[in-house]
Amino acid sequence: MAVNDYKYDVCVVGGCGHVGLPLAIMFANRDKKVSIYDINENNIATVKSGVVPFHEEGAQPLLKNALASGNLQLSSDASVLGESEIIIVIIGTPVDEHLNPRVDILKKTLKSISQYMTDDKLLILRSTVYPGVTKRTKDWLEEDGHHCDIAFCPERILEGKAVEELTSLPQIVSSFTESGVNRASALFKLLTDDIVVVEPIEAELTKLCTNVWRYIKFAVSNQFYTIANDYDVDFYKIHNAMTYNYPRCKDFPRPGFAAGPCLFKDTMQLGAFSDNDFNLGHTAMLINEGLPNYVCKTLRKQYDLSKLTVGILGMAFKAESDDIRESLSYKLKKIFDFEAKEVLCSDPYVKDDRFVSEEELITRSDIIIIATPHKLYKELTIPSDKKAVDIWNILGNGGKI
Ligand SMILES: NC(=O)c1ccc[n+]([C@@H]2O[C@H](COP(=O)([O-])OP(=O)(O)OC[C@H]3O[C@@H](n4cnc5c(N)ncnc54)[C@H](O)[C@@H]3O)[C@@H](O)[C@H]2O)c1
């Protein structure tokens with residue numbers, strides 16, 4: 001089949017997810033014929049009905065436009081891959097209970113779609129992968145007799161900001177072949193002219209190092225926060241003094257819960273890749289994951305928690321998001337389910353029948369922890385007879401516990 005005979009220019013495997021859907025929508029809005037292949041039938045139905053199943057700024061009208069134009073089709077039948085010239089795979093490598101990468105999931109998916117690969121196709125890996133996976137992908141496809149172009153073009157957008165960042169950030173492109181680089185570059189040039197070409201192993205490590213760098217920066221801030229707090233000093237006095245008109249500390253982050261589906265996992269991937277000789281990464285993980293425990297330890301010194309109700313404001317892993325994956329709010333909840341009399345939870349973006357409104361949570365709780373810095377919490381008033389824990393300093397009264 002000649003390249004031009006394909007029904008679709010692009011097929012996005014895992015295309016109903018947080019990474020895949022915005023990308024598919026953007027290409028469809030750039031006049032590409034796009035198919036989505038996903039195993040989640042519910043999300044396929046939701047997207048087909050014109051609804052983005054999660055919070056993604058600006059994506060809703062673009063989805064409607066893509067569907068109305070006929071440029072975007074969805075299927076849970078893998079045969080759609082056979083009708084597509086470029087296959088973008090967004091199946092990641094999570095870590096297992098030993099904090100080692102689970103490459104088997106991607107391998108299984110690749111083997112299951114291998115029957116639809118032909119040598120004129122371009123396969124692009126898009127999710128964050130364990131270093132070396134792009135090379136192994138080439139090996140696995142060659143075992144099945146396929147010699148198509150293979151590229152690794154990592155996603156580096158901030159979840160929720162895909163529509164803006166897919167066109168404003170540079171795109172890293174890597175492949176083993178010149179035609180792979182050229183074809184992948186041509187595709188992403190529909191979104192940005194800023195293309196950075198490196199080798200596949202360099203691209204894999206670039207993506208991991210980017211995420212790990214952010215995770216370590218959050219850990220530094222969290223460590224400084226606990227040091228200050230233990231000495232009864234409000235870290236925001238220090239943070240403000242450090243960052244005020246001082247360019248070299250401009251990107252120093254605020255302390256707070258560093259969570260979500262990527263940063264922890266990717267730090268552990270780099271740890272596994274360095275044969276666990278990655279003290280900086282493992283220490284960052286202990287600090288960030290230890291912050292909920294630190295909150296509890298500090299409160300336990302001040303109160304008899306077993307007699308008190310603790311309210312957690314914000315269950316999403318980050319502000320203005322409905323994504324609860326790997327949210328440290330749930331770790332907080334588990335800790336206080338054991339320590340406190342009762343735990344109440346609330347989040348304006350996360351739907352859960354067990355949650356209560358912010359007003360009810362504040363009324364019924366003795367201790368209120370602002371776990372996610374949703375902007376609308378800035379408007380809240382917490383009565384002075386209640387203990388507010390505000391590590392993010394969203395209320396502007398400092399972050400001291
Ligand atoms: N969320 C982010 O901001 C972000 C950013 C950069 C990289 N990543 C990486 O991208 C990967 C995907 O993340 P996500 O947030 O989009 O996940 P997600 O869970 O939102 O989406 C994954 C999608 O893939 C589908 N899927 C799973 N197995 C499949 C299969 N065998 N065949 C077809 N579809 C399948 C799921 O149904 C789901 O719709 C992760 O590895 C993550 O590390 C995520």
For this session: Please assess Glu85 against Arg183 for the test side-chain contact (heavy atoms from CB on, under 4.5 Å), listing each intermediate value before the final yes or no.
Result: CA-CA 11 Å; Glu85 184 208 337; Arg183 292 168 78 188; 2.9 Å; yes
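- The distance from atom CD1 of Ile124 to atom CD1 of Ile150, rounded to the nearest 0.5 Å, is 11.5 Å.
- For Asp322, the side chain to side chain donor-acceptor pair (under 3.5 Å) criterion is met by no residue, not counting sequence neighbours.
- With Ser69 contributing its side chain and Ala66 its backbone, the two residues share a donor-acceptor pair below 3.5 Å.
- Ser35 and Ser84 are linked by a side-chain donor-acceptor pair at a separation below 3.5 angstrom, with hydrogens and angles left out of the test.
- To the nearest 0.5 angstrom, His146 atom NE2 is 6.5 Å from Leu141 atom CG.
- Between the side chain of Asn29 and the backbone N or O of Ile25, at least one donor-acceptor pair lies under 3.5 Å.
- The number of heavy-atom neighbours closer than 6.0 Å to NZ of Lys161, taken from other residues, nucleotides and ligands shown, is 12 or below.
- Remark: Ala186 engages no residue in a side-chain contact (heavy atoms from CB on, under 4.5 Å) (not counting sequence neighbours).
- Taking both residues in full, the closest heavy atoms of Gly314 and Tyr377 are given as N-OH, 3.1 Å, listed atom of the first, atom of the second, then distance.
- Side chain of Tyr330 to backbone of Ala316: no donor-acceptor contact under 3.5 angstrom is found.
- When all heavy atoms are compared, the tightest approach of Ala259 to Ser327 is CB-CA, 4.1 Å.
- Under the rule for a side chain to side chain donor-acceptor pair (under 3.5 Å), the partners of Lys307 that lie at least two apart in sequence or sit in another chain are Asp304.
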Exercise. Can Ser79 and Asp77 be said to form a side-chain hydrogen bond (donor to acceptor under 3.5 Å, both in side chains), step by step?
Worked result: CA-CA 5 Å; Ser79 64; Asp77 179 350; 3.1 Å; yes
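- Between atom OG of residue Ser75 and atom CD1 of residue Ile36 there is a gap of 10.5 Å, rounded to the nearest 0.5 Å.
- Between Asp232 and Lys400 there is a salt bridge, with a side-chain nitrogen of the basic residue lying less than 4.0 Å from a carboxylate oxygen of the acidic one.
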Exercise. Going through the distances and angles, do Glu159 and His55 end up as a side-chain contact (heavy atoms from CB on, under 4.5 Å)?
Worked result: CA-CA 9 Å; Glu159 194 180 301; His55 177 75; over 6 Å; no
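- Ion pairing between a basic and an acidic side chain is recognised when a charged N comes within 4.0 Å of a carboxylate O; Lys207 and Asp266 show no such pairing.
- A cation-pi arrangement is present between Arg248 and Tyr246 under the rule of less than 6.0 angstrom and at most 45 degrees off the ring axis.
- Looking only at distances, no side-chain donor or acceptor of Ser346 sits under 3.5 Å from a matching main-chain atom of Leu361.
- We find the CG-CG distance between Asp149 and Leu123 to be 10.0 Å, quoted to the nearest 0.5 Å.
- Not a single donor-acceptor pair under 3.5 Å links the side chain of Asp366 to the backbone N or O of Lys386.
- Proximity of a side-chain donor or acceptor of Asp139 to a complementary backbone N or O of Glu143 within less than 3.5 Å is not detected.
- For the residue pair Leu208 and Thr128, the shortest heavy atom distance occurs at CD2-CG2, 3.7 Å.
- Qualifying salt bridge (charged side-chain N to carboxylate O under 4.0 Å, His left out) partners for Arg156, counting only residues two or more places apart in sequence or in other chains: none.
- In this structure, Lys217 forms no cation-pi arrangement with Phe252, as its terminal cationic atom is not both closer than 6.0 Å to the ring centre and no more than 45° off the ring axis.
- Heavy atoms only, all atoms of each residue included: Ala371 and Leu332 are closest at CB-CD1, 3.9 Å.
- Note that CZ of Phe54 is 8.5 Å distant from CZ of Arg325, once rounded to the nearest 0.5 Å.
- In this structure a side-chain-to-backbone donor-acceptor pair under 3.5 Å is present from Gln302 to Ile401.
- Under a 3.5 Å cut-off, the side chain of Arg102 and the backbone N or O of Val95 do not form any donor-acceptor pair.
- Residue pairs satisfying the side-chain hydrogen bond (donor to acceptor under 3.5 Å, both in side chains) criterion with at least one member in residues 185-206, sequence neighbours excluded, are listed as follows: Thr134-Glu204.
- Under the side-chain contact (heavy atoms from CB on, under 4.5 Å) criterion, Leu67 pairs with Leu63, Leu72, Leu74, sequence neighbours left out.
- Using a 4.0 Å cut-off between a side-chain N of Lys or Arg and a carboxylate O of Asp or Glu, Asp337 and Lys333 qualify as a salt bridge.
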For this session: Decide side-chain contact (heavy atoms from CB on, under 4.5 Å) for Asp352 and Cys345; before the verdict, give the C-alpha distance in whole Å, the side-chain angles of both, and the deciding distance to 0.1 Å.
Result: CA-CA 9 Å; Asp352 188 321; Cys345 300; over 6 Å; no
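- With hydrogens and angles disregarded, no donor-acceptor distance shorter than 3.5 Å links the side chain of Arg126 to the backbone of Ile90.
- The CG atom of Asp347 lies 12.5 Å from the OG atom of Ser357; values are rounded to the nearest 0.5 Å.
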